[in-house]
Amino acid sequence: MTFPRLGLALAAALATTAAFAQEGEPQAGEQKAQVTGELQSISMTPPPQLELLAPDGARWIIDLGEPERMERAGLDAEAAQPGVAVHVLGLRAADGENRMQALRVTIDGTAYDLHPEEVEPKT
């Protein structure tokens, strides 16, 4: 294979990979949003997520991000049991679905800053 063809093949492969990543994984928007609800479930297996039931009956999926961030914030599976109140500040899915990338998760009054650079200091 000549260098120009190799370059074209590589570019096509990268474009296909980028398109697949965008389709397979919801993209967080840029607008910060908040949701409060009752914890339905918590999963620490990849991808780590919370499922909340909001007072209006809407179900929310909260993406927690990388395990390293969760560990630094002190958030683990023992932090909450189903039924407790959870408040989330995060970036809502760009497509408007009830899905959010968590910046700060507050469980039973304890705040866990997953992205401290993106949130106001704890008060």
Please lay out, stage by stage, how Leu52 and Asn98 fare under the test side-chain contact (heavy atoms from CB on, under 4.5 Å). CA-CA 10 Å; Leu52 301 181; Asn98 290 348; over 6 Å; no

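- Here CD of Glu97 is found 9.0 Å from CZ of Arg92. Values are rounded to the nearest 0.5 Å.
- In this structure, Ala54 and Val35 approach most closely via the heavy-atom pair CB-CG2, 4.5 Å.
- Residues Ala79 and Tyr112 share a closest heavy-atom pair of CB-OH, 3.7 Å.
- For the residue pair Met70 and Pro48, the shortest heavy atom distance occurs at SD-CB, 3.6 Å.
- Here the side chain of Lys32 pairs a donor or acceptor atom with the backbone of Glu118 at under 3.5 angstrom.
- Hydrophobic clustering (side-chain heavy atoms under 4.5 Å, transitive across Ile, Leu, Val, Met, Phe, Trp, Tyr) groups Leu64 together with Val84.
- Taking OG of Ser41 as the reference point, atom CD of Glu51 lies at 4.5 Å (rounded to 0.5 Å).
- Here CD1 of Ile42 is found 11.5 Å from CD1 of Ile62. Values are rounded to the nearest 0.5 Å.
- If you take CG on Leu39 and CH2 on Trp60, they are separated by 15.5 Å, rounding to the nearest 0.5 Å.
- Val86 and Leu53 are assigned to two separate hydrophobic clusters, defined by single-linkage of ILVMFWY side chains at heavy-atom distances under 4.5 Å.
- Met44 CE to Leu50 CG: the interatomic distance, rounded to the nearest 0.5 Å, is 7.0 Å.
- With values rounded to the nearest 0.5 angstrom, Arg59 atom CZ is found 8.5 Å from Ile61 atom CD1.
- Between Asp113 and the options Arg69, Arg72, Arg104, a side chain to side chain donor-acceptor pair (under 3.5 Å) holds for only Arg104.
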